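Take a look at the structure set out below.
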There are 2 protein chains.
Amino acid sequence: MKSTIAALKAIADGTRLRIVKLLLQYNYCVGALARRLDVTEAAISQHLKVLREAGLLVGEKRGHFMHYDVDRNALRALGAELEELAVIKREACKPEEEGCEQQRRGRCRAHEAGGECPEEVHFACHGPNADEKENGRNGHCECQESQKGIR
Amino acid sequence: MKSTIAALKAIADGTRLRIVKLLLQYNYCVGALARRLDVTEAAISQHLKVLREAGLLVGEKRGHFMHYDVDRNALRALGAELEELAVIKREACKPEEEGCEQQRRGRCRAHEAGGECPEEVHFACHGPNADEKENGRNGHCECQESQKGIR
DNA sequence: CCCTTGATTAAGTGATTACTTAATTACAGA
DNA sequence: TCTGTAATTAAGTAATCACTTAATCAAGGG
């Protein structure tokens, strides 16, 4: 989760994305990357550090040259994580589990049909206010796909 | 390409990733997001703008509430793009196409076997220097998987 | 043991970013 | 039309970031 963000941050940079793409194809050392990308070696080294610490690269010393490889599994995993987000579905309201009040939801649907939205269901959109939060309401059941059209 | 980076930058932020995850599940309006995430509405609005301009969200006005939905296709496409990177293979050297000198590569392998790396193949790792670049050498063929172990 | 070269680190700079508060725009109801 | 509320935008600030140059570390070859 936190490492996901670190990895996303690491690859969400033009120069670093170019580095990753180059290293996927070629086994360049640091100096070669610098020349190919027309960036100073120091800058490349700093970018490599970011990518390495994000788990996207692994380094290997050969002679006194340093070569970096992309951790393809980490890259795949990162992509998969985003794709998996995309399949999250709007949760259906389960009032019996969540302790929500069906009456209130019913009233929301009435509003959807053109009726008026009573004051008690305002948090359908806005979530619980401070008092409601203390009363354990989480405001989530009122904002489902099933009630699309409500506020 | 450029939009890829924008989308990655947009989602590579803790607060914005939380927004996306919430919006995948719930149909909150801006104020509800602000309350759920304990962030000011102004801050949320600015994050929503970033996500919207990156193509990850679409907004819809209902009454005078603003609801945002995640563009799941965009999210999927972004994840797929990262996964597709991971399958890029190290390119085999094609000297006939690239104008590289096989003799030189041969000498590199000799070095791999424990021999000495002659000065002329130094760019095997480092890419072309200024003069070589003018002579059309791209320094790429010498740095392939096939020559792993060379500098 | 020095000298050269590759790579990293240190320090400093300008640009960008995430946030705050305040002002503004947009909209619905009285 | 006026009022109150939702949302956005403006303006300012502290922190982070990508880059630069210079110094340092590491590793061979003479």
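This is a predicted model, so every value here is computed, not measured. Chain identifiers are assigned alphabetically (A, B, ...) following the order of the sequence lines, protein sequences preceding nucleic acid strands; residue numbering begins at 1 within each chain.
- Atom NE2 in A/H47 sits roughly 15 Å away from atom C1' in C/dT9 (whole-Å rounding).
- Here OG1 of B/T15 is found 11.5 Å from CD of B/Q46. Values are rounded to the nearest 0.5 Å.
- When the side-chain nitrogen and oxygen atoms of A/Y68 are compared with OP1 and OP2 of C/dT8, one or more of them lie within a distance under 4.0 Å.
- Rounded to an integer number of Å, the gap from A/E60 CD to C/dG6 C1' is 16 Å.
- Phosphate proximity of C/dA18 to B/T40: absent, as no side-chain N or O sits under 4.0 Å from OP1 or OP2.
- Taking atom CG of residue B/L37 and atom C1' of nucleotide C/dT20, one finds them 17 Å apart after rounding to whole Å.
- Across C/dG6, D/dA18, D/dA6, the shortest atom-to-atom separation from the side chain of A/E41 is found for C/dG6.
- When distances are taken from the side chain of A/V30 to each of D/dT21, C/dC19, C/dA7, the shortest belongs to C/dA7.
- Side-chain atoms of A/Q46 lie closest to C/dT9 of the nucleotides C/dA7, C/dA18, C/dT9.
- Residue B/D13 places its side chain closer to C/dA18 than to any other of D/dT9, C/dA18, C/dT8.
- In this structure, A/R16 atom CZ and D/dT16 atom P are separated by 15 Å, rounded to whole Å.
- Each of D/dA22, D/dA7, C/dA7 was ranked by its minimum atom distance to the side chain of B/M66; first place goes to D/dA7.
- The CG-C1' distance, from A/L33 to C/dT8, rounds to 15 Å in whole Å.
- Residue whose closest nucleotide on DNA chain C sits further toward the 5' end, between A/I44 and A/K9: A/I44.
- Summarising the geometry, the separation between CG on B/L51 and P on C/dA18 is reported as 10 Å, rounded to the nearest angstrom.
- When all heavy atoms are compared, the tightest approach of B/A7 to B/L56 is O-CD1, 3.8 Å.
- Proximity of B/K61 to the phosphate of C/dA26: no side-chain N or O atom is located under 4.0 Å from OP1 or OP2.
- A donor-acceptor pair under 3.5 Å links the side-chain atoms of A/R16 to the main chain of A/A10, judged by distance alone.
- Which of C/dT9, D/dA26, D/dT9 sits closest to the side chain of A/K49 comes down to C/dT9.
- Rounded to a whole Å, the CG atom of A/L48 is 6 Å from the P atom of C/dT8.
- For the atom pair CG of B/L24 and CD1 of B/I19, the computed distance is 12.0 Å after rounding to the nearest 0.5 Å.
- In the set D/dA7, D/dA22, C/dA7, the nucleotide with an atom closest to the side chain of A/A42 is D/dA22.
- Both B/I88 and A/I11 are members of a single hydrophobic cluster when ILVMFWY side chains are connected at heavy-atom separations under 4.5 Å.
- Following rounding to the nearest Å, A/L57 (CG) and C/dA7 (P) show an atom-to-atom distance of 14 Å.
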